[in-house]
4 protein chains.
Amino acid sequence: MDETIRKRQRRKDERPGEIMSAALQEFALNGFAGAKLTQVARRAGISHGTIYNYFDTKEALFRALFRAHFVEPLGDEQMVDAFGDAPFADILRAILRVAFRQAAHSEAVVLMRILLLEWQRFPDLAEECYRELFGKAEAMLRQLIDYGIARGELAPSRIDDSPLVLLAPGINAALFGPLSGLPDWEERAEIAIDAFAESFVRGLRKP
Amino acid sequence: MDETIRKRQRRKDERPGEIMSAALQEFALNGFAGAKLTQVARRAGISHGTIYNYFDTKEALFRALFRAHFVEPLGDEQMVDAFGDAPFADILRAILRVAFRQAAHSEAVVLMRILLLEWQRFPDLAEECYRELFGKAEAMLRQLIDYGIARGELAPSRIDDSPLVLLAPGINAALFGPLSGLPDWEERAEIAIDAFAESFVRGLRKP
Amino acid sequence: MDETIRKRQRRKDERPGEIMSAALQEFALNGFAGAKLTQVARRAGISHGTIYNYFDTKEALFRALFRAHFVEPLGDEQMVDAFGDAPFADILRAILRVAFRQAAHSEAVVLMRILLLEWQRFPDLAEECYRELFGKAEAMLRQLIDYGIARGELAPSRIDDSPLVLLAPGINAALFGPLSGLPDWEERAEIAIDAFAESFVRGLRKP
Amino acid sequence: MDETIRKRQRRKDERPGEIMSAALQEFALNGFAGAKLTQVARRAGISHGTIYNYFDTKEALFRALFRAHFVEPLGDEQMVDAFGDAPFADILRAILRVAFRQAAHSEAVVLMRILLLEWQRFPDLAEECYRELFGKAEAMLRQLIDYGIARGELAPSRIDDSPLVLLAPGINAALFGPLSGLPDWEERAEIAIDAFAESFVRGLRKP
DNA sequence: GATGAATGAGCTTTCATTCAT
DNA sequence: AATGAATGAAAGCTCATTCAT
C-alpha cells in the first residue's frame, strides 16, 4: 500500500509540472489569449478538466508558470569563476556564446518573450521577471568586468555602469533570429557575437 | 454637391488608414488573438461592420497592416550623408540614439514586436518584415563603417560583416525597457547606449 | 427608409420583452441555476448569442425580469371602489377569488414563487418584491375593511392590523395546488376560499 | 476489535443520515440544479466520492431525502388530545402557533419549499409529499373542529370541508416571512396568527 | 458605404460521475 | 468503505462574421 500511495502521489506531484510544461509551449506559440486550455491538456496527455484540479484559472496557470521559472537564473553568477584565470577576452566570448544559447532555448527566456507581448496585461509579472533575469545577468557581467580590471587587462570605462549592453547582441539574435526563416541563423549569430566580443575588447579605432 | 462627394471620397480613401492605425494599437496591446475588432472600430470611431467593407477578415487586416508598413524604412539609408564630415564616433552615437528612439516608438518596430509572438502563425510576414527592417538597417550601418574606414578612423574588423550588433543595445532597450516598470527607463537606456558607442569605438583594453 | 427603420426599431424594442418573457418561463420551471440560456433563446426563437446583446449576464437577465414586473400591482388598489355599495361579504368573496386567480397565473406571482427558493442568493430582489407585492395587497385589504366598518357591517378587530391573513388561503392554494396532481385543484381551491370568506365574516361560533 | 467493528458499523449506519442532512441544507439553499455534491460532502465532513457509496446519483439522493422525511408528520394527530378539555379557541390558537413554528423550521417543510420550485421536475415526489403533509394536517384540523362542535362551541359550517384554510396564514408567513428582510418577522407573524385565530372564531360581523 | 442586430463556433469553466488505489 | 484524481458533457459567455436595412 505504501507502494501504491507513492505511485499515485508521484503522479499527483508531477501533474502540475507536466501541465506547466505543456502550457509553456502553448503560451509561447499563441500568447495568452490565443492559447487554448484544451490544447494544453492535449499536449500534457490529460483531459482539460484535470487542469482545473491544479490551477484555478487560465490566468493562474499563466502566473504559476512565471513564478516557477524565475528562480533559476539565466546563468549562474559563479560562471566567471569556472574559467580559472583565462584571459578576459576568452571568458567574455565564452560567456556571450553560452548566454546566447541559453537565450535561444531556455524556458525562462521563452517566458520573457511571451511577456514582450503580454506585459501590459501582467505588469507585475513583467517587472518581477525583468528584475530577476536582468539583475542576475548584470551581476554576472559586472563580476566579469571587475575580473578583467583586476587582471590588468581592462581600463575602467562607462560600460562598467551598463554592462548589459554586452548581452544585447545575443539576446537580440535569439529573439529575432527565428523570424528570419534562415536555417543557419544560429551559426550566423554565433559568428556575429564572436566578432562583437573581439571588436568590443580591442576597439574599432585604428591603433 | 460636388463638395460633398469629394468629401465622401476623401473619407473613403482615408478609412483604411484610420482602421489600420486603430488596429495597430489594438494588436500591439493584445496580440492577434487578443485583439477585438469591436475595439478596433471603437478606436477608429466607426462601427465594426464597416471594417468589413475594407478588410475581409481579421487576418487580412493584420496582414494589410504589415504590408503597408514595411516599405518605409526604419531609418533612411541616406542618414549617414546628413552628418557631413563629422567624426565617426559622433555620427555613430547620433545614429544609435535615433535608432533607439525609433525602435521605441516607430510603428514598424511595434509591428516587429507583435511578430515576436505571432511569427509562428505568420512565418511569411515574419520573414518579409525581418528582411525589410534589418536589411535597411544593415545597409545603413555598413555605409557608416565604410565612411569611418574611408575617413581613416577605423581599422577593418570582423564587425564589418555583422554591423547589426551595433544596434542591438538600442533594440533591446526598446523591447525590454517598458517591462522594467521604471519611469525613467528611456533616459537610462540612452545613457547606456552612449556608453556603448564610446567604448565600442575606443575598445575596452588598457591602452 | 423611415419605414424600414421603424420596423427594425420595433424589433429591437421588442426583443428584450420577448427574451424576458421566455426567461420567465424557463426560470419558473427550473430556478436560477437550472435555467439554461440556450433554452431561453429557443423559447424566444432566437440564438443564444442574441440574449447577450440585451443582457450582460444570466443574473442581469434574472434581475431585469424582476425589475420589470414589480411595478404593476397584484391587484389595483381601486378594486374595492369597483363594487359600488355591495355588502362587505360579497366584495370580500369576489376579491379573494380574483386574488387567487391572479396568484395562480400572474407573472408577478410566478416570480415570487421563484424567489421562494432563490431569495438567499438575491436578498435585495426578495425584499423589494415582497414589499411591492404585499404592500399593495395590504393597502387594498385595509381599504376593504374600512369600507366594511364604515358601512356598519364590521366590528373593529385585531385583524385590522394584519389584513394579509385574508389572502393567505388563496396564495397557499395557488402555491401548493399544482403539487397535488389533482386536475381539479383550482375548483377545489375556489370552493375552499368561498367557505373561508363566508365563515370568516360570520364566525365559527354558535350564535 | 469487537469494539472497532461496532464503531465502524455505527459509522456505516449513520452515514446516509449524515449525508442526507447535509444535502437538505444544500438543496434548500440552492435548489436541485444549484446544489453541489462537493458542498454536500464538505458539510457532511466526508469526501464527495463517499456519497456514491450510498446514493447512486444526485437525483437519487434528492429522492431519498423526501422519502425519508415524509413519514414523520407535520404535527401528530394526537395533538388535539393533549389539550384536555380546554376551550376550542385556546386550542386552535395553540395549534396554529405550533404549526407556524414547525412550518418555519421543520425539515419536512423545508423540503416542501424546495418542491415549490422543483415540482415540475419531480411530479411524483410533489404529489406524495403534498398528500402526506396536508393529509395529516387536514385530519388533525378536522378532529379539532369536531371537538369544538362536540363541545357545543362551534356551529357546523362549510369550513368543515376545507379545514386547511386555518393553516394558511401560518404556512404563508413561514414561506414569505424571510423574504421580507425584517428581523422580527417571526414575532409579527405570530401576532397576526393570533389575531386571525381569534377573529375567525368570533367572526368579523358586528354582533 | 455604413450600421448594428443576429448568428454560432468555440472558448473557459463547472461539476456529476467513475474508478484505481 | 473511503478517497480524490481524472473525466467529459454541458453551461455561460465572447467575438469574428454576416446581412438586412
Side-chain angles (χ1 to χ4, degrees), chain A residues 1-9 11-13 15 33-41 45-61, chain B residues 8-9 11-12 15 33-41 45-61, chain C residues 1-9 11-13 15 33-41 45-61, chain D residues 8-9 11-12 15 33-41 45-61:
Chain A
M1 204 170 102
D2 231 44
E3 198 55 32
T4 63
I5 284 180
R6 208 178 312 133
K7 201 152 145 212
R8 246 224 221 182
Q9 194 59 37
R11 203 83 192 119
K12 190 191 167 186
D13 290 350
R15 269 286 136 79
K36 297 164 199 176
L37 291 195
T38 300
Q39 187 57 27
V40 172
I46 56 175
S47 133
H48 68 274
T50 300
I51 295 176
Y52 287 89
N53 285 336
Y54 299 94
F55 303 95
D56 282 343
T57 62
K58 188 184 184 181
E59 184 176 324
L61 172 55
Chain B
R8 248 210 214 189
Q9 191 57 37
R11 204 82 194 123
K12 187 186 162 190
R15 268 286 140 78
K36 297 166 199 177
L37 289 195
T38 299
Q39 186 57 25
V40 172
I46 56 174
S47 140
H48 69 274
T50 302
I51 295 176
Y52 286 88
N53 284 333
Y54 298 95
F55 304 95
D56 283 344
T57 63
K58 188 184 183 181
E59 185 177 323
L61 172 57
Chain C
M1 204 171 103
D2 232 44
E3 198 54 32
T4 62
I5 285 179
R6 209 178 311 133
K7 201 151 146 211
R8 245 222 220 185
Q9 194 58 38
R11 204 80 192 123
K12 190 192 166 185
D13 290 350
R15 269 287 135 79
K36 297 164 198 176
L37 290 196
T38 300
Q39 187 57 26
V40 171
I46 56 176
S47 134
H48 69 273
T50 300
I51 295 176
Y52 287 90
N53 286 337
Y54 299 94
F55 303 96
D56 280 345
T57 62
K58 188 184 183 181
E59 183 176 324
L61 172 57
Chain D
R8 247 209 216 191
Q9 191 58 36
R11 203 84 194 122
K12 187 186 162 189
R15 270 286 140 78
K36 298 165 198 176
L37 289 195
T38 299
Q39 186 57 26
V40 171
I46 57 175
S47 138
H48 68 273
T50 302
I51 295 177
Y52 286 88
N53 285 334
Y54 299 94
F55 304 96
D56 283 344
T57 63
K58 188 183 182 181
E59 185 176 322
L61 172 57

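So you know, we letter chains A, B, ... as the sequences are listed, proteins then strands, and number each from 1.
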Subject >> The single option from T57(D), D56(D), L61(D) passing side-chain contact (heavy atoms from CB on, under 4.5 Å) against E59(D) >> reply: T57(D)
**OP:** Please work out if A41(A) contacts a base, only the sugar-phosphate, or nothing of the nucleic acid, heavy-atom cut-off 4.0 Å.
**Re:** nothing
Original post:
With sugar-phosphate meaning primed atoms plus P, OP1 and OP2, does A60(A) contact a base, only sugar-phosphate, or nothing at under 4.0 Å between heavy atoms?
Top reply: nothing
Subject >> First encountered from the 5' end of DNA chain F, between K58(C) and A35(B) >> reply: K58(C)
Original post:
R15(A) has a side chain; which of dT17(F), dA2(E), dA6(F) sits nearest to it?
Top reply: dA6(F)
Expressed in angstrom and rounded to an integer, what is the separation of [X] atom [atom1] from [N] atom [atom2]?
X: I51(B); N: dG4(E); atom1: CD1; atom2: P; result: 13 Å
X: Q39(D); N: dA16(E); atom1: CD; atom2: P; result: 11 Å
X: Y52(B); N: dT7(E); atom1: OH; atom2: C1'; result: 13 Å
X: I46(C); N: dT7(E); atom1: CD1; atom2: P; result: 7 Å
X: K36(C); N: dA10(F); atom1: NZ; atom2: P; result: 9 Å
X: L61(D); N: dA16(E); atom1: CG; atom2: P; result: 11 Å
X: L37(B); N: dT18(F); atom1: CG; atom2: P; result: 11 Å
X: D56(B); N: dT17(F); atom1: CG; atom2: C1'; result: 11 Å

Original post:
Can you name the closest pair of heavy atoms from K58(A) and A35(A) and give their distance?
Top reply: NZ-O, 2.9 Å
**OP:** Provide the closest heavy-atom pair for T38(A) versus H48(A) in the form atom of the first, atom of the second, distance.
**Re:** CA-CB, 4.2 Å
Check whether any side-chain N or O of [X] sits under 4.0 Å from OP1 or OP2 of [N], and answer yes or no.
X: Y54(C); N: dA6(E); result: yes
X: N53(A); N: dA5(F); result: no
X: T50(B); N: dT3(E); result: yes

Subject >> Quiz item: H48(C) side-chain donor-acceptor pair to dA9(E) base, under 3.5 Å >> reply: yes
Original post:
Of S47(B) and G49(A), whose nearest nucleotide on DNA chain E comes first from the 5' end?
Top reply: S47(B)
Original post:
Nearest 0.5 Å, what's the CG-OG1 distance between L37(C) and T50(C)?
Top reply: 12.0 Å
Original post:
How about N53(A): does its CG atom have over 12 heavy atoms from other parts shown lying under 6.0 Å from it?
Top reply: yes
Subject >> Identified pairing partner of dA20(E), criterion: Watson-Crick or G-U wobble below 3.5 Å >> reply: dT3(F)
